[in-house]
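Take a look at the structure set out below.
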Amino acid sequence: MKRIMSIQDISCIGKCSLTVALPIISAMGVETSIVPTAVLSTHTQFRGFTFRDLTDDMESIREHWLKENFKFDAIYTGYLGSERQIDIVSGFFDAFGNKDNYIIVDPAMADNGKMYAGFDTGFARKMASLCKKADIILPNISEAAFMLGRPYPGEDASEAEIKNMLLDLTKLGSKKVVITGVNAPGHRFGFMGYDTASNQFFDYYTEKIDLISHGTGDVFASTFTGAFMNDFSIYDSLRIAADFTCACIKNTYNDPNAVNYAVNFEAEIPYLLKLINKIQ
Ligand code: PXL
């Protein structure tokens with residue numbers, strides 16, 4: 001069985017970060033070791049959330065795992081709570097990254113042109129420096145703009161603008177760069193990417209569901225990681241992630257009792273297993 005390490009927070013209510021990564025990647029048949037960065041009562045879109053910082057624990061976890069000589073097939077990082085945590089994660093990459101495994105950075109820090117509570121441009125610059133060690137990065141449009149120190153072009157940024165951002169993102173040093181949450185003509189929604197090995201752009205779109213929800217970037221990145229660990233190509237894994245995320249949003253949209261702070265990813269796990277050919 002493949003084993004990955006995921007480094008992100010535990011938001012006790014809110015269905016994002018580890019409470020999305022663990023169930024999705026585990027359901028896909030991949031062992032998921034976790035490094036919690038913080039424990040929050042809810043994700044940061046609620047008011048008055050609590051925040052227990054686990055930075056010191058991250059370092060102890062790294063030291064213990066090094067002594068035990070644990071190996072990982074991928075390292076997938078999401079929400080990180082501070083610049084110091086980014087430094088520590090960089091140390092995790094040095095300690096556990098190698099030529100045979102894969103580093104996935106989802107620079108979770110912003111949405112709709114706004115940074116999450118507690119972040120600033122210094123944090124975005126630091127996150128940009130972490131991308132150098134990644135094999136693939138998965139920012140949304142806002143995160144890409146903040147990491148590049150450019151004005152936010154809006155959710156309806158043109159194809160030419162996104163392509164321009166992708167080329168600038170490659171200068172951060174990651175081998176493949178993908179921008180998620182891209183709108184396309186014909187009410188379609190998906191991702192655009194650039195591969196520095198083939199010097200080619202790629203993209204994929206599903207239908208667009210008119211629902212704004214949180215944690216969809218985490219559903220996308222977790223599904224990508226799980227599919228890639230199931231030996232799908234990078235592009236097919238991204239496509240599976242887009243199809244599954246779309247299904248989760250649609251399910252939530254059609255559910256009169258849905259919560260407004262996350263998507264119904266649980267209900268679509270059987271569909272996910274079909275997408276990766278685990279069930280008929
Ligand atoms: O889904 C991204 C995310 C992760 N972790 C925390 C968040 C958010 C988005 O708001 O607040 C704590």
Side-chain angles (χ1 to χ4, degrees), residues 3-28 30-62 64-65 75-86 88-89 92 104-112 114-120 123 127 138 140 142-143 180 211-226 241 244-245 247-249 251-253 255-269 272:
R3 175 197 294 137
I4 70 127
M5 172 198 314
S6 188
I7 312 178
Q8 28 188 341
D9 68 281
I10 297 175
S11 289
C12 299
I13 287 187
K15 295 202 280 185
C16 63
S17 318
L18 287 178
T19 61
V20 163
L22 257 177
I24 290 181
I25 302 170
S26 298
M28 296 169 93
V30 177
E31 179 181 342
T32 309
S33 311
I34 59 164
V35 181
T37 57
V39 178
L40 294 82
S41 52
T42 63
H43 63 43
T44 60
Q45 307 298 322
F46 288 84
R47 277 207 210 146
F49 60 86
T50 68
F51 188 100
R52 163 103 32 215
D53 186 274
L54 296 178
T55 308
D56 295 336
D57 300 77
M58 291 168 70
E59 293 193 293
S60 326
I61 292 168
R62 186 182 62 204
H64 182 213
W65 286 5
I75 307 174
Y76 153 40
T77 70
Y79 178 98
L80 304 174
S82 63
E83 292 189 40
R84 190 173 151 225
Q85 287 197 350
I86 298 176
I88 293 172
V89 167
F92 268 91
I104 300 152
V105 171
D106 176 5
M109 65 178 128
D111 228 334
N112 290 304
K114 285 213 182 75
M115 284 204 167
Y116 299 152
F119 293 155
D120 59 18
F123 181 87
M127 188 61 97
L138 303 167
N140 60 29
S142 310
E143 291 155 352
T180 61
L211 177 81
I212 297 189
S213 194
H214 301 293
T216 48
D218 300 348
V219 170
F220 183 92
S222 301
T223 309
F224 164 75
T225 303
F244 180 59
T245 308
C248 296
I249 299 172
N251 186 301
T252 314
Y253 183 81
D255 174 4
N257 298 314
V259 296
N260 65 0
Y261 52 77
V263 288
N264 289 358
F265 75 88
E266 301 91 333
E268 293 296 335
I269 287 197
L272 174 61

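Quick note: residue numbers are just sequence positions, from 1.
Two residues are said to be in side-chain contact when any heavy atoms from C-beta on lie closer than 4.5 Å; S11 and T42 fail this criterion. Side chains of M58 and V89 form a contact here, defined as non-hydrogen atoms less than 4.5 Å apart. Contact check for T77 versus D106: no side-chain heavy atoms found under the 4.5 Å cut-off. Contact of the V263 side chain with the K15 side chain is not registered, since no non-hydrogen atoms from C-beta on lie closer than 4.5 Å. Under the 4.5 Å side-chain criterion, counting only non-hydrogen atoms from C-beta, V219 is in contact with I24. For the pair I249 and E268, the minimum side-chain heavy-atom distance is 4.5 Å or more. With contacts defined as side-chain heavy-atom distances shorter than 4.5 Å, the pair T223/M28 qualifies. Between V105 and L138 the shortest side-chain heavy-atom distance does not fall below 4.5 Å.
In this structure, SG on C248 lies 12.0 Å from CZ on F220, to the nearest 0.5 angstrom. The distance from atom CD of E143 to atom CE of M109, rounded to the nearest 0.5 Å, is 5.5 Å. Taking NE2 of H64 as the start and CD of E59 as the end, the distance is 16.0 Å to the nearest 0.5 Å. Taking CD1 of I75 as the start and OG of S6 as the end, the distance is 10.5 Å to the nearest 0.5 Å. The CD1 atom of I7 sits 5.0 Å away from atom CZ of F92, with the distance rounded to the nearest 0.5 Å. Within the model, atoms CZ of R52 and CG of D57 stand 10.0 Å from one another, a figure rounded to the nearest 0.5 Å.
Dense packing is recorded around CG of L211, with more than 12 heavy atoms of other residues, nucleotides or ligands lying under 6.0 Å away. Summarising the local packing, CD1 of I269 is surrounded by more than 12 heavy atoms from other residues, nucleotides or ligands at distances under 6.0 Å.
With respect to the salt-bridge test (charged N to carboxylate O, under 4.0 angstrom), the residues D56 and R84 qualify.
Panel note: side chain N112, backbone K114; no donor-acceptor pair is recorded below 3.5 Å. Of the possible donor and acceptor atoms, none in the side chain of N251 sits under 3.5 Å from a partner among the backbone N and O of F265. Using a distance-only test at 3.5 Å, with no hydrogens or angles considered, a donor-acceptor pair links the side chain of T252 to the main chain of N264.
Nearest heavy-atom pair, A241 versus F224, reported as atom, atom and distance to 0.1 Å: CB-N, 3.7 Å. Across every non-hydrogen atom of V30 and G226, the tightest pair is CG2-O, 4.4 Å. Nearest approach of A110 to N140, heavy atoms of both residues: O-ND2, 2.9 Å. Shortest non-hydrogen contact noted between C12 and V39 is SG-CG1, 3.8 Å. In terms of heavy-atom proximity, S17 sits nearest to Q8 at CA-OE1, 3.1 Å. The minimum heavy-atom distance between Y261 and H43, with the atom names listed, is O-NE2, 3.0 Å.
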Report task. Kindly determine whether D9 and L18 satisfy side chain to side chain contact (heavy atoms under 4.5 Å, CB included), including the steps that lead there. Result -> CA-CA 6 Å; D9 68 281; L18 287 178; over 6 Å; no

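Ring centroids of F119 and Y79 are separated by less than 6.0 Å, placing the two rings close together.
The closest side-chain donor-acceptor pair between Y76 and S222 falls under 3.5 angstrom.
The stretch residues 30-41 participates, sequence neighbours left out, in these side-chain hydrogen bond (donor to acceptor under 3.5 Å, both in side chains) pairs: R3-E31, S41-T50.
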